[in-house]
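Single-structure report; data block below.
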Amino acid sequence: MKKSILARGVLGFAALTASATVLAEGEGAHQWSAGMAFDQDLSAVVELDNKYRLTLGNDGTAFDYIFARGEFDADVPLTWYVGAGAWSEWDHDEFGARVPLGVNWNFHKNWDMYGQIHPELDLHGGAELQIGGALGVKYTF
């Protein structure tokens with residue numbers, strides 16, 4: 001129980017720190033997106049500047065920092081991304097780190113769909129490797 005509270009505190013602190021860092025980096029408008037996903041079960045997703053993604057779902061929460069993005073080819077409408085993050089589940093008191101590896105598809109102006117797999121390190125009760133996935137749709141404002 002204490003590890004779960006600590007993990008949630010660290011996750012919340014990371015989200016607040018990232019938000020404050022982004023706001024302090026420069027002046028002007030920031031790009032943000034909001035949508036729905038299947039990540040921590042059915043989830044709400046908020047993304048800031050295509051770098052900071054917060055997912056709040058029925059089963060838990062996750063925060064990811066997307067540190068690399070790229071394109072496959074000019075003819076392919078998909079882009080790729082790699083990130084690092086943390087996650088926590090409400091009911092099972094599990095928490096850990098994850099590495100999202102995903103693709104984006106901008107299927108309409110301001111709309112995109114993403115799919116990812118994320119190898120996870122579950123730190124509750126000893127380190128255990130697992131794999132997760134997510135599928136979501138976002139609208140960029």
Side-chain angles (χ1 to χ4, degrees), residues 1-73 75-141:
M1 178 71 174
K2 289 180 183 179
K3 287 183 181 179
S4 176
I5 292 170
L6 177 64
R8 290 181 185 149
V10 168
L11 189 59
F13 178 75
L16 290 174
T17 302
S19 299
T21 301
V22 168
L23 293 175
E25 277 181 356
E27 296 182 26
H30 293 281
Q31 180 182 14
W32 66 281
S33 304
M36 299 295 291
F38 288 101
D39 187 339
Q40 299 292 323
D41 200 15
L42 183 60
S43 305
V45 177
V46 177
E47 188 170 298
L48 185 61
D49 290 338
N50 286 323
K51 289 185 182 182
Y52 307 96
R53 183 181 293 161
L54 177 64
T55 306
L56 294 169
N58 291 339
D59 285 347
T61 186
F63 176 77
D64 298 319
Y65 173 71
I66 309 300
F67 59 81
R69 290 187 181 271
E71 296 181 6
F72 292 106
D73 191 355
D75 297 334
V76 178
L78 300 174
T79 59
W80 58 266
Y81 63 88
V82 178
W87 60 274
S88 176
E89 289 186 0
W90 313 131
D91 294 337
H92 303 290
D93 290 331
E94 293 180 352
F95 59 92
R98 68 188 201 168
V99 178
L101 309 165
V103 293
N104 276 333
W105 174 38
N106 296 321
F107 62 90
H108 196 274
K109 183 180 179 183
N110 296 337
W111 286 96
D112 70 87
M113 177 180 278
Y114 70 91
Q116 71 183 34
I117 59 168
H118 40 259
E120 299 175 337
L121 180 61
D122 186 352
L123 298 172
H124 178 71
E128 179 183 334
L129 289 175
Q130 6 183 89
I131 192 154
L135 181 64
V137 176
K138 301 179 297 167
Y139 181 81
T140 302
F141 296 90

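Basis for what follows: all heavy atoms, side chains included, without hydrogens, waters or symmetry-related copies. Here the structure is a predicted model, which means the values were calculated and not measured.
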Restricting to pairs with a member in residues 98-110, which pass salt bridge (charged side-chain N to carboxylate O under 4.0 Å, His left out), not counting sequence neighbours? D39-R98, D64-R98

Rounded at 0.5 Å granularity, tell me how far CG in L48 sits from CH2 in W32. 9.5 Å

Could you pull out all residues at least two apart from A44 that satisfy side chain to side chain contact (heavy atoms under 4.5 Å, CB included)? none

L54 vs T61 side-chain heavy atoms within contact, under 4.5 Å: yes

Measuring from D59:CG to D91:CG, what's the distance to the nearest 0.5 Å? 6.5 Å

Which residues share a ring-ring contact (aromatic ring centres under 6.0 Å, His included) with F67, sequence neighbours left out: none

Looking at CD of Q31 and CG of D49, how far apart are the two atoms once the value is rounded to the nearest 0.5 Å? 7.0 Å

Could you tell me which residues satisfy ring-ring contact (aromatic ring centres under 6.0 Å, His included) with F38, sequence neighbours excluded, listed by chain and number? none

D122 versus Q130, closest heavy-atom pair with distance: OD2-OE1, 3.7 Å

Is the side chain of W87 donor-acceptor paired with the backbone N or O of E94 at a distance under 3.5 Å, no angle test? no

Please name all residues satisfying side chain to side chain contact (heavy atoms under 4.5 Å, CB included) with F107, sequence neighbours left out, ordered by chain then number. W105, W111, M113, V137

In Å, rounded to the nearest 0.5 Å, how long is the span from OG1 of T55 to CE of M36? 11.0 Å

Nearest non-hydrogen partners of D93 and H124, listed with the distance: O-ND1, 3.0 Å

Do you know the tightest heavy-atom contact between T140 and S33? OG1-OG, 2.9 Å

Any salt bridge (charged side-chain N to carboxylate O under 4.0 Å, His left out) involving residues 128-141? Give me the pairs, sequence neighbours left out, ordered by first then second residue. E47-K138, D112-K138

Please tabulate, for the side chains in residues 79-86, all donor-acceptor contacts under 3.5 angstrom to protein atoms that are two or more places apart in sequence or on a different chain.
from, atom 1, to, atom 2, distance (Å)
Y81, OH, R53, NH1, 3.2
Y81, OH, Q116, OE1, 2.6

Can you sort out the partners of N110 under side chain to side chain contact (heavy atoms under 4.5 Å, CB included), two or more places apart, ordered by chain and number? Y139

According to side chain to side chain contact (heavy atoms under 4.5 Å, CB included), who are the partners of V76, at least two apart in sequence or on a separate chain? F72, D73, L78

